[in-house]
**Student:** 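Here it is, the structure, as structure tokens.
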2 protein chains.
Amino acid sequence: MSERADAVDYFVQQWAQVRPELDVTPMALIGRVSRVAVLVQAKVDAVFAEHGMQSWEFDVLATLRRAGEPYTLTPGQLDRTMMITSGTTTHRITRLEERGWVQRERDDKDRRSVRVSLTPSGLAQCDRVQEEHLANERAILEALEPDQRDSLISLMRTFALALGDRAPMEEQSPDA
Amino acid sequence: MSERADAVDYFVQQWAQVRPELDVTPMALIGRVSRVAVLVQAKVDAVFAEHGMQSWEFDVLATLRRAGEPYTLTPGQLDRTMMITSGTTTHRITRLEERGWVQRERDDKDRRSVRVSLTPSGLAQCDRVQEEHLANERAILEALEPDQRDSLISLMRTFALALGDRAPMEEQSPDA
DNA sequence: CGTGAATATCTTGACATCAAGATACAGGAG
DNA sequence: CTCCTGTATCTTGATGTCAAGATATTCACG
């Protein structure tokens with residue numbers, strides 16, 4: 001008489017019938033994290049699509065944007081922040097350069113390095129889309145009561161830390 | 001003086017400095033769901049890799065396995081359950097057929113349809129890997145206190161339902 | 001200086017995935 | 001029976017991603 005069953009409830013119940021000796025409770029959490037991530041991403045993508053862009057494009061723009069003026073990071077900083085490989089970063093920067101939203105210049109201090117910067121057009125695009133994006137995210141979270149949101153944020157934060165997620169380091173050395 | 005900051009804490013703080021007028025709290029949840037999903041997936045993948053397989057391969061095998069004997073579903077049932085497109089399903093079945101873990105036969109009742117079944121080898125592979133997979137999932141959740149796990153499961157279930165996640169329908173019509 | 005290890009980026013090749021459309025069959029209305 | 005609509009699967013072409021390695025540059029140490 002509780003609530004309706006979501007997909008994971010159904011999977012757990014199927015396992016109970018087929019292999020009752022198995023303890024599949026870990027699935028109840030891990031499976032849901034995966035499904036919720038996919039479902040949320042689909043809703044987020046929809047808003048970006050209305051603006052003719054992909055989520056990953058906004059991710060790059062927003063990462064540069066929140067770095068503050070002059071909106072410049074290296075490819076290495078980008079891939080560490082975004083949890084992608086260096087090859088993917090190269091590809092993303094090239095595509096965004098073609099759209100005129102970012103530009104590359106070699107760093108004269110360290111000539112191995114590259115400085116990726118938001119162009120005025122990229123900055124404008126980021127700011128233009130962001131409000132609608134945030135409104136969309138707020139709408140998605142309307143599904144939860146405010147105290148549920150707070151609990152969920154706190155628990156997911158604990159989980160993230162336990163999984164080794166950490167604030168990206170500043171350029172300086174960590175201690176003293 | 002609270003806990004250490006995870007990556008999302010850092011992003012939120014960056015936004016506060018660069019665009020203080022923006023309310024980015026939705027990110028605190030949606031961003032973490034995405035990052036946690038990626039981090040968890042990496043740990044899950046590692047165990048499958050030890051057995052020479054991909055996560056998506058196990059997903060297909062497990063979906064057939066928990067359907068119960070004769071471990072048979074149609075491609076359509078598979079893609080609805082796994083949240084993938086029909087083209088991806090075709091591709092997955094073909095690859096698994098090459099490995100000898102599933103087989104295809106046309107359905108004689110409805111000749112548009114195909115029956116995908118676990119082979120004895122596929123069944124064995126699924127059962128062989130599953131225990132280690134579940135142990136791995138349990139280890140991942142060790143990071144949380146038991147009551148935190150329960151809260152998180154409950155909240156994620158509410159979230160999943162709010163996002164429209166539902167138990168896949170049985171073959172029969174929904175009512176009476 | 002010169003040499004080797006470390007670092008930063010890019011290249012290459014493979015691959016899973018998707019969107020859109022093609023193909024084949026089913027089932028009902030006339 | 002015929003046609004038309006809906007369903008089930010597969011095909012095609014594009015794309016984003018990764019792993020592994022290639023290239024260029026820096027830096028420490030002798």
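Just so you know, these numbers come straight off a predicted model, no measurement behind them. Basis for what follows: all heavy atoms, side chains included, without hydrogens, waters or symmetry-related copies. Letters A, B, ... are given to chains in the order of the sequence lines, protein chains preceding strands, and every chain is numbered from 1.
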**Student:** Rounded to whole angstroms, how far apart are CG on A/Asp79 and P on D/dA19?
**Tutor:**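 The distance from CG of A/Asp79 to P of D/dA19 comes to 12 Å, rounded to the nearest Å.
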**Student:** Looking at every strand, decide which applies to B/Thr74 at a 4.0 Å heavy-atom threshold: base, sugar-phosphate, or nothing.
**Tutor:** sugar-phosphate
**Student:** Using atom CG of A/Asp107 as one end and atom P of C/dC10 as the other, report the distance to the nearest whole Å.
**Tutor:** 13 Å
**Student:** Could you check whether the side chain of B/Arg112 and the base of D/dT9 have a donor-acceptor pair of N or O atoms closer than 3.5 Å, going by distance alone?
**Tutor:**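 No pair found.
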**Student:** Enumerate the protein-to-nucleotides 12-18 of chain D contacts in which both atoms are nitrogen or oxygen and the separation is below 3.5 Å.
**Tutor:**
residue: D/dT17; atom: OP1; partner: A/Arg92; partner atom: NH2; Å: 2.6
residue: D/dT17; atom: OP2; partner: A/Arg92; partner atom: NE; Å: 2.9
residue: D/dT17; atom: OP2; partner: A/Arg92; partner atom: NH2; Å: 3.3
residue: D/dC18; atom: OP2; partner: A/Thr85; partner atom: N; Å: 3.1
residue: D/dC18; atom: OP2; partner: A/Thr85; partner atom: OG1; Å: 3.2
residue: D/dC18; atom: OP2; partner: A/Thr88; partner atom: OG1; Å: 2.6

**Student:** When hydrophobic residues are tied together by side-chain contacts of less than 4.5 Å, even through go-betweens, does B/Val38 share a cluster with A/Leu39?
**Tutor:** yes
**Student:** Give the intermediate values and the outcome of side chain to side chain donor-acceptor pair (under 3.5 Å) for residues A/Ser86 and A/Asp79.
**Tutor:** CA-CA 6 Å; A/Ser86 66; A/Asp79 58 52; 5.0 Å; no
**Student:** Rounded to whole Å, please give me the gap between CZ in A/Arg111 and C1' in D/dT23.
**Tutor:**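 The answer, rounded to whole Å, is 14 Å.
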**Student:** Separation of B/Arg106 atom CZ from D/dA8 atom P, in whole Å?
**Tutor:**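 Roughly 13 Å, once rounded to whole Å.
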**Student:** I need the CG-P distance between A/Asp110 and D/dA24, as an integer number of Å.
**Tutor:**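 Interatomic distance, CG of A/Asp110 to P of D/dA24: 15 Å.
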**Student:** With no hydrogens and no angle check, do the side chains of A/Gln13 and A/Asp9 hold a donor and an acceptor under 3.5 Å apart?
**Tutor:** no
**Student:** Is A/Asp107 paired with A/Arg112 through a side-chain N to carboxylate O contact shorter than 4.0 Å?
**Tutor:**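 Salt bridge between A/Arg112 and A/Asp107, a charged N being under 4.0 Å from a carboxylate O: no.
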**Student:** Report which part of the nucleic acid B/Arg104 touches: base, sugar-phosphate, or nothing (heavy-atom distance under 4.0 Å, all strands).
**Tutor:** sugar-phosphate
**Student:** Indicate if A/Val129 and A/Val102 have the same hydrophobic cluster label, given that clusters are the connected sets of ILVMFWY residues with side-chain heavy-atom separations under 4.5 angstrom.
**Tutor:** yes
**Student:** Starting at CZ of B/Arg80 and ending at P of D/dT7, how long is that distance when rounded to a whole Å?
**Tutor:**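 For the pair B/Arg80 CZ and D/dT7 P, the rounded distance is 11 Å.
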**Student:** Between P on D/dC10 and CD on B/Glu97, what's the gap in Å once rounded to a whole number?
**Tutor:** 9 Å
**Student:** Give the rounded distance in Å between these two atoms: CE of B/Met82 and C1' of C/dA16.
**Tutor:** 12 Å
**Student:** Testing the 3.5 Å rule here: is there a donor-acceptor pair between the side chains of A/Arg149 and B/Thr25?
**Tutor:**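 Result is no, nothing qualifies.
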**Student:** Can you tell me if A/Ser113 touches the phosphate of C/dT9, counting only side-chain N or O atoms and a distance under 4.0 Å to OP1 or OP2?
**Tutor:**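 True: A/Ser113 side-chain N/O within range (under 4.0 Å) of C/dT9 OP1/OP2.
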**Student:** Any ion pair linking A/Glu57 and A/Arg99 (charged N to carboxylate O, less than 4.0 Å)?
**Tutor:**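 Yes, A/Arg99 and A/Glu57 are salt-bridged.
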